[in-house]
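Remarks on the structure that follows.
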Amino acid sequence: MAQMIRKQWLFVVLLVIGGVLPFIVPNQYYLYVTALGFIWAIAVYGLNLITGYTGQLNLGHAGFFAIGAYTVGILTKAGMSFWMALGLGCLLTMVVGLLVGIISLRLREHYFAIFTLCVGFIIYLIIQQWDSLTGGVVGLIGVPYPEAIGPIIFENHPINMYYLILFFLLCTVFFFSRIVHSIIGRTFTAIKNSEALAQTLGISLIRNKIVAFVLSTFFAGLAGGLYAVYIRFLGAEIGHVTITFDILMYLLVGGIGTISGPIVGTLLVTWVTQYLNAWSEYRMIIFGPLLILLVIFSPKGIVGSLKGWMDNRKAKRLKATTKDSQSNIKEAG
């Protein structure tokens with residue numbers, strides 16, 4: 001039991017803190033910002049899977065987020081249940097991800113990044129220009145709330161919406177952790193570390209990269225669907241490349257290739273941004289240099305650097321213990 005809790009410590013911490021937060025935070029706006037951060041964190045987990053564990057930089061991630069959001073928005077406004085629309089939104093995002101992955105993952109490094117950047121921009125243009133379906137530059141206004149689950153009503157109940165998003169975030173963390181610690185997760189890491197070595201071990205590069213890409217788009221589509229019913233307004237800007245760079249920034253700050261990094265980075269940057277709201281025009285002037293310093297001096301992010309520091313301490317402690325044991329053996333001899 002203790003070992004299981006250690007493995008899922010982030011899940012437990014999120015469950016406890018997230019569960020009690022509405023009772024200790026008096027201002028509803030703080031809950032709104034936190035829930036929005038949870039949604040972005042789900043999208044960041046998707047990017048972390050393909051970039052942090054497989055080593056492929058997907059610069060079209062916001063496009064897949066927008067596909068999930070617009071699918072849910074369009075279908076729910078047409079009268080479909082939110083729960084069915086969310087499933088179809090994730091499915092459509094994965095299908096598009098599969099088609100893009102089959103083509104793009106034969107490319108490597110910056111070629112792959114440029115190709116996905118172009119795909120993301122194409123998705124953005126389609127959303128912006130397809131007025132009859134997406135509303136074009138006007139967007140979709142008044143996306144319906146999710147239907148009630150028994151006595152739990154979501155319409156005009158922000159706390160219930162907060163717990164709904166927290167539930168999906170907990171599911172994301174749980175399944176992401178299971179993926180990373182499974183054989184397929186170790187396969188992704190092997191591909192990231194050395195594609196040539198992975199290939200000699202009999203690992204199919206293309207097949208595993210496609211699996212990672214499709215799974216990453218699933219998380220993006222899920223986040224987009226939740227965003228649609230939470231914000232209840234969709235504009236083409238959510239599919240723009242600037243959103244991808246925001247998601248990438250959350251990942252870099254928290255720690256790329258870590259399980260808790262997406263949560264830490266997303267919530268930290270989201271809250272700092274809110275406090276700097278009066279300086280919104282100069283946001284990138286402030287964040288730009290800070291991000292450069294972070295990449296130079298702490299490329300593993302906050303969580304990655306902390307983990308490295310703890311591993312070094314553990315190694316030093318083990319070394320000291322080994323030395324003491326050897327000295328005691330010598331003295332006894």
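All residue numbers in this chain count up from 1 along the given sequence.
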* So, Tyr32 side chain and Asn27 main chain: donor-acceptor pair closer than 3.5 Å or not? -> no
* Structure fact -> side chain to side chain contact (heavy atoms under 4.5 Å, CB included) filter on Ala223, not counting sequence neighbours, yields Ile39, Ile42, Ala43, Phe65
* ILVMFWY network linking Ile159 to Tyr30, side-chain heavy atoms under 4.5 angstrom -> yes
* Asked: Do the side chain of Thr76 and the main chain of Gly73 share a donor and acceptor less than 3.5 angstrom apart?
  -> yes
* Asked: If you round to the nearest 0.5 Å, how far is CD1 of Ile50 from CG of Leu47?
  -> 9.0 Å
* Check whether any side-chain N or O of Thr266 sits under 3.5 Å from a backbone N or O of Gly37 as a donor-acceptor pair, and report yes or no. => no
* Are Ile141 and Met80 joined in one hydrophobic group, where the rule is that I, L, V, M, F, W and Y side chains link up if heavy atoms are under 4.5 Å apart? -> no
* Asked: Taking atom CZ of Phe115 and atom CG of Leu59, what is their separation to the nearest 0.5 Å?
  -> 12.5 Å
* To do: Quick one: pull up CE in Met94 and CZ in Phe213 and give me the separation to the nearest 0.5 Å.
  => 12.0 Å
* **Validation row: Val96, Thr217 side chains within 4.5 angstrom (heavy atoms)** => no
* **For Val214 against Gly97, the heavy-atom pair lying closest together** => CG2-C, 4.2 Å
* **Sidechain-backbone polar pair: Asn48 side chain, Thr258 backbone, donor-acceptor under 3.5 Å** => yes
* Structure fact -> Nearest heavy-atom approach of Leu166 to Gly19 is CD2-N, 3.9 Å
* **Non-hydrogen atoms of Ile203 and Ala190 that approach each other most closely** => CD1-CB, 4.1 Å
Return all side-chain donor-acceptor pairs below 3.5 angstrom for residues 149-156, not counting sequence neighbours, or 'none' if the list is empty.
none

* **Heavy-atom side-chain contact between Tyr163 and Pro22 under 4.5 Å** => yes
* Asked: With hydrophobic residues grouped by side-chain heavy-atom distances under 4.5 Å, do Ile122 and Leu92 end up in a single group?
  -> yes
* About how many Å separate OH of Tyr227 and CZ of Phe233, when rounded to the nearest 0.5 Å? -> 8.5 Å
* To do: Check whether any side-chain heavy atom of Leu98 sits under 4.5 Å from a side-chain heavy atom of Ile102, and report yes or no.
  => yes
* Taking the side chain as C-beta and beyond, is there a heavy-atom pair between Val33 and Tyr29 under 4.5 Å? -> yes
* **CZ (Phe168) with more than 12 external heavy atoms under 6.0 Å** => yes
* Asked: Sub-3.5 Å donor-acceptor pair from the side chain of Thr116 to the main-chain atoms of Ala113, do we have one?
  -> yes
* Asked: Are Phe38 and Tyr162 close enough that their ring centers fall under 6.0 Å?
  -> yes
* Structure fact -> Closest heavy-atom pair, Ile256 versus Gly52, reported as atoms and distance to 0.1 Å, is CG1-CA, 3.6 Å
* Main-chain N/O of His181 paired with Arg186 side-chain donor or acceptor, under 3.5 Å -> yes
* Asked: Under a 4.5 Å cut-off applied to non-hydrogen side-chain atoms, are Phe218 and Phe175 in contact?
  -> no
* **Ser132 side chain to Trp130 side chain, donor-acceptor N/O pair below 3.5 angstrom** => yes
* Asked: Any side-chain heavy atom of Leu86 within less than 4.5 Å of one from Leu222?
  -> yes
* So, the side chain of Ser177 versus the backbone of Val173: is there a donor-acceptor pair under 3.5 Å, distance only? -> no
* Does the ring centre of Tyr45 sit less than 6.0 Å away from the ring centre of Phe176? -> yes
* Can you check side-chain contact (heavy atoms from CB on, under 4.5 Å) on Leu170 and Phe174, steps first, answer last? -> CA-CA 6 Å; Leu170 290 170; Phe174 178 76; over 6 Å; no
* Assess whether side-chain contact (heavy atoms from CB on, under 4.5 Å) is satisfied between Thr34 and Trp271, documenting all intermediate values. => CA-CA 8 Å; Thr34 304; Trp271 275 109; 3.2 Å; yes
* Asked: Can you name the nearest heavy-atom pair linking Leu75 to Ala85, along with the distance?
  -> CB-CB, 3.9 Å
* Transitive ILVMFWY side-chain link Leu99 to Val211, under 4.5 Å -> no
* Is it possible for you to say whether Ile243 and Leu125 belong to one hydrophobic cluster, with membership spreading through side-chain heavy-atom contacts below 4.5 Å? => no
* Apply the test side-chain contact (heavy atoms from CB on, under 4.5 Å) to residues Thr71 and Thr93: give CA-CA distance (whole Å), side-chain angles for both, the deciding distance (0.1 Å), then the verdict. => CA-CA 9 Å; Thr71 302; Thr93 309; 5.6 Å; no
* **Distance in Å, Ser104 OG paired with Ile210 CD1, rounded so as to fall on 0.5 Å steps** => 8.0 Å
* Asked: Do the side chains of Pro146 and Leu164 get nearer than 4.5 Å, heavy atoms only?
  -> yes
* Exam field: side chain Tyr145 to backbone Phe82, donor-acceptor pair closer than 3.5 Å -> no
* When you look at Leu57 and Leu248, which way does the side-chain contact (heavy atoms from CB on, under 4.5 Å) test go after all the steps? -> CA-CA 9 Å; Leu57 179 58; Leu248 182 59; 4.1 Å; yes
* Calculate, to the nearest 0.5 Å, the distance between atoms NE2 and CZ belonging to His240 and Phe245 respectively. => 10.0 Å
* Asked: Below 4.5 Å, heavy atoms only, C-beta onward: do Leu169 and Ile263 meet side chain to side chain?
  -> yes
* To do: Return each pair, listed once, that meets salt bridge (charged side-chain N to carboxylate O under 4.0 Å, His left out) where at least one residue sits in residues 192-205; pairs must be two or more places apart or across chains.
  => Arg108-Glu195, Glu195-Lys209
* Asked: Which heavy atom in Ala220 sits nearest to a heavy atom in Phe64, and how many Å separate them?
  -> CB-CB, 4.0 Å
